[in-house]
Engineer: 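Before we start, here is the structure in question, set down as structure tokens.
None of these values were measured; they are calculated from a predicted model. Just so we're on the same page: letters track the sequence lines, and every chain starts at 1.
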Amino acid sequence: MAQKYSPHEIERKWQHKWAADHIHEVKEDSKRPKFYALTMFPYTSGDLHVGHWYAMSPSDVCARFKRMQGYNVLHPMGFDAFGLPAENAAIKHGIHPYDWTVKNIDNMRRQFKSMGAVYDWNREVITCLPEYYKWTQWFFLRFYHAGLAYRAKAPVNWCPECQTVLANEQVVGEGSCERCGTPVTKKELEQWFFRITKYAEELLDHSRLDWPERIKIMQRNWVGKSEGAEISFRLEDASIKQREIKVFTTRPDTVFGATFFLLAPEHPLVPQLTTPEHKAEVDEYIAWCRRQTEYERTAIGREKTGAFLGSYIVNPLNGERVPIWITDYVLPTYGTGAVMAVPAHDERDLEFARKFELPVRTVIAPLGWTGEELSEAYTDSGTMVNSGEFSGLTSEQGYEAICNLLEEKRWGKRTITYRLRDWLISRQRYWGAPIPMIYCDKCGIIPVPEEDLPVLLPPDAEFKPTGESPLKYCQSFVNTTCPKCSGTAKRETDTMDTFVCSSWYFLRYTSPETGDAPFNADKMRYWLPVDLYTGGAEHAVMHLLYARFFVKALRDMGLVNFDEPFSRLFNQGTIICSGDKMSKSRGNVIAPDEYVAEVGADAVRGYLMFIGPWELGGEWNDRGLVGVSRWLNRVWSLATTDYSSRVVDLETEKEFLHLMHKTIKEVTADLERLRFNTMVASLMEFSNYLSKVKERGMVCDSLWREAISHFLLLLAPTAPHLAEELWARTGHSYTIHNQPWPEYDQELAKEEEITLVIQINGKLRDKLLVPASISEAEAKELALNRERVKAYIDGKKLTRVIYVPRRVVNIVVAS
RNA sequence: GCCGAAGUGGCGGAAAGGCAGACGCGCUACGUUCAGGGCGUAGUGUCCUUAAGGACGUGAGGGUUCAAAUCCCUCCUUCGGCACCA
């Protein structure tokens with residue numbers, strides 16, 4: 001009896017040999033087509049759980065498959081290493097964030113290596129090391145000089161738990177912190193922003209990207225483009241310096257229905273527009289608004305609130321004076337922070353009008369309108385009425401006519417508004433890339449000269465639960481000299497959002513050794529863009545949007561030569577455990593290590609792919625793992641025990657060859673489509689068939705050997721260690737992973753015989769094994785002459801016979 | 001409220017509009033010098049039937065079609081995203 005399959009042993013053996021032989025190292029090679037297969041790098045939380053394996057294994061299989069197909073494949077791995085948990089660990093356990101992170105990386109790298117992936121570890125990127133964050137800072141300076149980074153005072157999202165500001169994209173659900181789930185509050189702060197809004201329009205364009213539809217939709221909604229017009233309403237009170245207030249509307253055709261005017265409570269003109277007799281009420285309302293959380297304020301369906309300022313403004317179209325109110329449903333951050341209220345044609349405005357007994361005037365008539373007051377806001381298009389010279393036009397005509405008039409009279413213009421806000425990148429924390437700016441009393445805000453980079457994090461900062469950045473209290477860091485006047489100056493103590501670090505890591509992988517630039521331009525041009533990017537969908541409007549923005553900005557600076565970083569994107573689903581998403585806080589994390597020790601990495605990889613479609617995720621289940629493990633054991637004995645032919649027959653050999661080519665075809669197609677579950681099923685089906693044939697010795701020895709070697713090649717991406725071991729044991733030369741992917745013969749992959757299904761009135765009544773080449777006439781003839789068919793159609797009128805080549809004959813009879 | 005994805009045996013899941021349930025788990029029976037979560041063979045959607053065979057069956061209800069898990073309409077459930085954006 002041959003030796004038993006002991007995964008632990010062979011996996012260790014081959015991992016060491018592959019590493020010693022450097023077979024996973026890749027070099028640029030202009031003679032071969034390149035393939036850049038990238039998986040989102042993990043955060044350095046400490047351990048890899050099976051959720052990480054679920055993300056990494058299939059993409060490794062894909063990279064291996066592409067390698068065997070002859071591509072020069074870059075499949076790198078690294079660590080997203082800055083961030084809050086490291087700092088929290090420092091506060092809690094007194095360990096320095098750097099030490100905590102490095103310790104975690106060492107452990108995670110070891111776990112990664114046990115997976116047997118083709119990562120080229122020479123290209124590892126770690127974002128918290130100075131040789132990396134030097135370039136994150138360098139990019140910041142480039143953005144600053146290009147006018148894409150600016151400092152501004154703004155009401156920002158503040159997480160009281162994390163003690164830092166957050167970007168809009170990092171506020172999720174009912175206004176909670178994306179990291180810790182704490183409700184976010186607003187704070188007025190001076191912060192650094194990246195001008196992502198400059199690229200709003202271009203970020204809407206996914207036309208050349210092979211991305212999941214839902215991610216494209218999420219990004220489009222996030223950017224939130226609205227077309228309309230800006231209209232200036234004239235202030236009645238001539239003593240106010242600013243003579244007018246602009247509103248944004250998507251419905252300029254409804255302007256004659258504007259019966260009142262709304263401002264956000266935060267609007268800067270509110271104090272000036274408030275008359276003395278309304279001041280008390282207005283102040284009280286503003287104070288009440290301030291007490292609302294962002295979520296409470298913007299929750300849909302809540303009762304309208306507001307206050308009258310006592311003053312009026314004039315509608316330029318009809319010269320009508322309308323009262324100015326403030327209300328919290330007008331957002332200071334969208335459009336102009338001011339709205340012309342058209343209650344007849346906007347649900348929110350109608351609610352407001354009803355609550356405060358303000359007039360409602362229909363100006364767009366629905367079809368068949370007879371002049372009565374409408375019970376609901378009519379928001380569709382219709383015929384304009386009560387609109388002066390524009391009455392009688394359709395909404396669409398009126399839209400154009402009014403816009404033309406606005407532009408002619410300089411009362412306003414056509415305009416586009418986006419929901420997207422600029423990206424707030426300042427974080428009041430230690431463990432991030434310091435923002436390389438200096439504040440000088442004499443010279444103002446001065447960028448750190450490029451040659452002085454990196455601005456290093458001071459190793460001796462103290463970590464205390466003060467809620468403020470340790471950098472702020474680190475005198476050796478804060479105090480510096482002004483690069484311009486050499487006088488005393490202070491450093492910016494905020495660090496950058498870690499999403500800045502992850503917005504360019506895919507560029508660094510191409511040449512992580514480069515010391516004089518963020519990346520080597522030639523190598524970058526060879527590898528980029530990424531051909532296949534895989535990761536979780538939770539990054540739809542964060543990382544994936546930021547990285548696209550980064551690339552567009554770099555392109556405009558002449559640093560990269562492409563428009564989009566990720567040509568094809570695929571989002572895998574989530575692995576759940578006892579009904580919940582796996583997470584440390586839930587305590588339901590499953591570590592792969594014990595399973596790897598028990599059944600081997602190949603079985604764990606195979607099982608994760610077999611669970612179901614990759615994009616759907618699924619539940620981790622030990623019993624399912626057993627199935628794959630048993631299969632690999634059967635594969636082991638299939639290939640390691642001797643084969644001897646006994647009752648060779650030509651028909652079986654033909655069928656055997658056909659199944660082999662069909663399997664190659666299916667496995668190849670499934671890998672291209674990233675359908676790993678059915679790919680594994682095809683492999684199982686073929687190995688089951690091989691076992692059956694082996695038992696009876698029905699094919700000749702050479703054909704058997706060919707089938708085994710082809711099977712091992714198809715298995716190699718999925719179970720790289722086992723395939724390598726069996727490749728060696730069946731007398732092939734090292735290494736299976738440098739072999740070409742098997743080709744299939746189109747003719748042999750086709751079925752020779754097919755099962756023709758015979759239906760009567762669409763119901764299955766008989767089956768027929770026929771040659772695939774059968775003609776329509778023959779098929780119908782055969783079907784109609786079957787005894788069982790005759791019994792059904794006897795005495796009935798035959799109305800139709802439908803023939804679908806290679807599939808079905810449907811006989812339609814009248815009863 | 002809006003947008004998106006999904007709903008198929010006891011379970012995970014397969015099915016270019018054309019044999020529903022591939023593959024795997026579980027279960028049943030039998031076999032095995034098999035003490036274990038081992039291996040092999042056969043079976044396994046539900047109901048009727050000794051059998052041959054038949055009826056029913058892909059969240060619910062309609063529709064299109066010779067033919068629907070698949071396409072269309074209405075609704076229900078679950079999960080994700082957005083959420084007063086003028």
Engineer: Between B:G18 and A:Gln759, counting only base atoms on the nucleotide and side-chain atoms on the residue, is there a donor-acceptor pair under 3.5 Å?
Structural biologist: yes
Engineer: I'd like the P distance from B:G31 over to B:G18, given in whole Å.
Structural biologist: 44 Å
Engineer: For the P atoms, the ones on B:G24 and on B:A42, what distance do you get once it is rounded to whole angstrom?
Structural biologist: 13 Å
Engineer: Remember a base hit wins even if backbone is also touched, and classify A:Tyr792 as base, sugar-phosphate or nothing at under 4.0 Å, heavy atoms.
Structural biologist: sugar-phosphate
Engineer: If you check every side-chain atom of A:Arg419, which of B:A83, B:C23, B:A5 has the closest atom?
Structural biologist: B:A83
Engineer: Quantified in whole Å, what is the C1' atom distance between nucleotide B:C76 and nucleotide B:C23?
Structural biologist: 32 Å
Engineer: Check whether the side chains of A:Tyr792 and A:Arg765 place a donor and an acceptor atom closer than 3.5 Å, and report yes or no.
Structural biologist: yes
Engineer: Select one nucleotide: of B:G12, B:G54, B:A22, the one nearest the side-chain heavy atoms of A:Glu685.
Structural biologist: B:A22
Engineer: Do A:Val809 and A:Val757 have side-chain heavy atoms sitting under 4.5 Å apart?
Structural biologist: no
Engineer: Quick check on the 6.0 Å ring-centre criterion: do A:Tyr546 and A:Trp423 meet it?
Structural biologist: yes
Engineer: When the distance from CZ of A:Arg807 to C1' of B:U70 is rounded to whole Å, what number comes out?
Structural biologist: 13 Å
Engineer: Return the nucleotide paired to B:C66: Watson-Crick means purine N1 to pyrimidine N3 with N6-O4 or O6-N4, wobble means G-U with N1-O2 and O6-N3, both under 3.5 Å.
Structural biologist: B:G18
Engineer: Check the distance between B:G37's P and A:Leu632's CG and give it to me in whole angstrom.
Structural biologist: 21 Å
Engineer: Heavy atoms under 4.0 Å, any strand shown: does A:Arg623 hit a base, just sugar-phosphate, or nothing?
Structural biologist: sugar-phosphate
Engineer: Taking any heavy-atom pair under 4.0 Å as a contact, classify A:Val812: base, sugar-phosphate, or nothing.
Structural biologist: sugar-phosphate
Engineer: With side chain to side chain donor-acceptor pair (under 3.5 Å) as the criterion, how do A:Tyr334 and A:Thr417 come out once you've worked through the C-alpha distance, each side chain's angles and the decisive distance to 0.1 Å?
Structural biologist: CA-CA 8 Å; A:Tyr334 183 79; A:Thr417 295; 5.1 Å; no
Engineer: From the list B:G18, B:A5, B:A86, which nucleotide is the closest neighbour of the side chain of A:Val808?
Structural biologist: B:G18
Engineer: Mind checking who B:C82 pairs with, Watson-Crick or G-U wobble, both distances under 3.5 Å?
Structural biologist: B:G1
Engineer: Just checking A:Lys304: base, sugar-phosphate only, or nothing, at a heavy-atom cut-off of under 4.0 Å?
Structural biologist: base
Engineer: Find the partner of B:A55: check Watson-Crick (N1-N3 plus N6-O4 or O6-N4) and G-U wobble (N1-O2, O6-N3) distances, both under 3.5 Å, and reply none if neither fits.
Structural biologist: B:U46
Engineer: Using the C1' atoms only, state how far B:A67 lies from B:G81, rounded to an integer number of Å.
Structural biologist: 38 Å
Engineer: Within the structure shown, what part of the strands sits under 4.0 Å from A:Ser226 by heavy-atom distance: base, sugar-phosphate, or nothing?
Structural biologist: sugar-phosphate
Engineer: Hey, which of A:Arg806, A:Lys662, A:Arg807, A:Lys665 is the one that makes salt bridge (Lys or Arg N to Asp or Glu O under 4.0 Å) with A:Glu751?
Structural biologist: A:Lys662
Engineer: Under 4.0 Å, counting only non-hydrogen atoms across every strand here, what does A:Arg765 touch: a base, just sugar-phosphate, or nothing?
Structural biologist: sugar-phosphate
Engineer: Return the nucleotide paired to B:U77: Watson-Crick means purine N1 to pyrimidine N3 with N6-O4 or O6-N4, wobble means G-U with N1-O2 and O6-N3, both under 3.5 Å.
Structural biologist: B:A6
Engineer: Can you identify which nucleotide, out of B:A67, B:C23, B:C3, has its nearest atom closest to the A:Phe610 side chain?
Structural biologist: B:C23
Engineer: Please state how far atom CD1 in A:Ile416 lies from atom C1' in B:C85, giving the value in whole angstrom units.
Structural biologist: 15 Å
Engineer: Is a donor from one side chain sitting under 3.5 angstrom from an acceptor on the other, for A:Ser682 and A:Glu685?
Structural biologist: no
Engineer: For B:G24, does OP1 or OP2 lie under 4.0 Å from any side-chain N or O of A:Asn688?
Structural biologist: yes
Engineer: Between A:Lys692 and A:Glu351, name the one whose nearest nucleotide on RNA chain B is closer to the 5' end.
Structural biologist: A:Lys692
Engineer: Write down the distance between CD (A:Glu695) and C1' (B:G31), rounded to a whole number of angstrom.
Structural biologist: 13 Å
Engineer: When you compare B:C85 with B:A5, how far apart are their P atoms, in angstrom units rounded to a whole number?
Structural biologist: 23 Å
Engineer: Indicate yes or no: does A:Arg220 engage A:Glu213 in a salt bridge with an N to O separation below 4.0 Å.
Structural biologist: yes
Engineer: Figure out the CG/P separation between A:Asp766 and B:G53, and round it to whole Å.
Structural biologist: 10 Å
Engineer: Would you measure the distance from the P atom in B:C2 across to the matching atom in B:C11 and give it in whole Å?
Structural biologist: 33 Å
Engineer: If pairing requires Watson-Crick or G-U wobble contacts with both distances under 3.5 Å, which nucleotide is the partner of B:G38?
Structural biologist: B:U32
Engineer: May I ask you to establish whether A:Lys304 and A:Tyr329 are in a cation-pi arrangement, using a distance under 6.0 Å from NZ or CZ to the six-membered ring centre and at most 45° from the ring axis?
Structural biologist: yes
Engineer: Need one value for A:Asn677: base, sugar-phosphate or nothing, where a base atom within 4.0 Å counts as base even if backbone is also close, heavy atoms only.
Structural biologist: sugar-phosphate
Engineer: Looking only at the side chain of A:Lys763 (C-beta and beyond, no hydrogens), which of the listed nucleotides B:C56, B:A20, B:G12 gets closest?
Structural biologist: B:C56
Engineer: Which nucleotide in the set B:C23, B:G40, B:C3 lies at the smallest distance from any side-chain heavy atom of A:Met684?
Structural biologist: B:C23
Engineer: Where does B:G9 fall, syn or anti, if syn means a chi angle no more than 90° from 0?
Structural biologist: syn
Engineer: Would you indicate, yes or no, if B:C25 has its OP1 or OP2 atom less than 4.0 angstrom from a side-chain nitrogen or oxygen of A:Arg630?
Structural biologist: yes
Engineer: Looking at every strand, decide which applies to A:Val330 at a 4.0 Å heavy-atom threshold: base, sugar-phosphate, or nothing.
Structural biologist: base
Engineer: Mind checking A:Thr755 for me? I need base, sugar-phosphate or nothing, with any heavy atom below 4.0 Å counting as a touch.
Structural biologist: base
Engineer: Please state how far atom NZ in A:Lys225 lies from atom C1' in B:C82, giving the value in whole angstrom units.
Structural biologist: 20 Å
Engineer: Given the P atoms of B:G54 and B:G59, what is the spacing between them in whole Å?
Structural biologist: 26 Å
Engineer: Counting heavy atoms from C-beta on, name the nucleotide in B:A15, B:A86, B:G37 closest to the side chain of A:Thr678.
Structural biologist: B:A15
Engineer: May I ask you to say what A:Ile802 touches in the nucleic acid, namely base, sugar-phosphate or nothing, with a heavy-atom cut-off under 4.0 Å?
Structural biologist: base
Engineer: Students often get this wrong, so: under 4.0 angstrom with heavy atoms, is A:Leu331 touching a base, only sugar-phosphate, or nothing?
Structural biologist: base
Engineer: Please report the distance separating the C1' of B:G4 from the corresponding atom of B:G36, rounded so that it comes out in whole Å.
Structural biologist: 49 Å
Engineer: Testing A:Ile760, A:Val801, A:Thr799, A:Leu798 one by one against A:Val812 for a side chain to side chain contact (heavy atoms under 4.5 Å, CB included), which residue passes?
Structural biologist: A:Thr799
Engineer: Using a 6.0 Å distance limit plus a 45 degree cone around the ring axis, check whether A:Arg548 lies over the aromatic ring of A:Trp222.
Structural biologist: no
Engineer: Quick one: is B:A6 close enough that its OP1 or OP2 comes under 4.0 Å of any side-chain N or O from A:Arg214?
Structural biologist: no
Engineer: Whole angstroms only, please: what is the CG-P distance between A:Leu420 and B:A83?
Structural biologist: 12 Å
Engineer: Looking at B:G12, which nucleotide sits across from it as a Watson-Crick or G-U wobble partner, both distances under 3.5 angstrom, or is there none?
Structural biologist: B:C23
Engineer: Within the structure, does a side-chain N or O atom of A:Arg675 lie under 4.0 Å from either OP1 or OP2 of B:A15?
Structural biologist: yes
Engineer: Contact class for A:Asn621 (heavy atom, under 4.0 Å): base, sugar-phosphate, or nothing?
Structural biologist: nothing
Engineer: Rounded to the Å, how far apart are A:Glu776 CD and B:G18 P?
Structural biologist: 18 Å
Engineer: Would you mind telling me which of B:G54, B:A83, B:C66 lies closest to the side-chain atoms of A:Trp222?
Structural biologist: B:A83
Engineer: Does a side-chain N or O of A:Thr417 approach OP1 or OP2 of B:C85 to a distance below 4.0 Å, or not?
Structural biologist: no
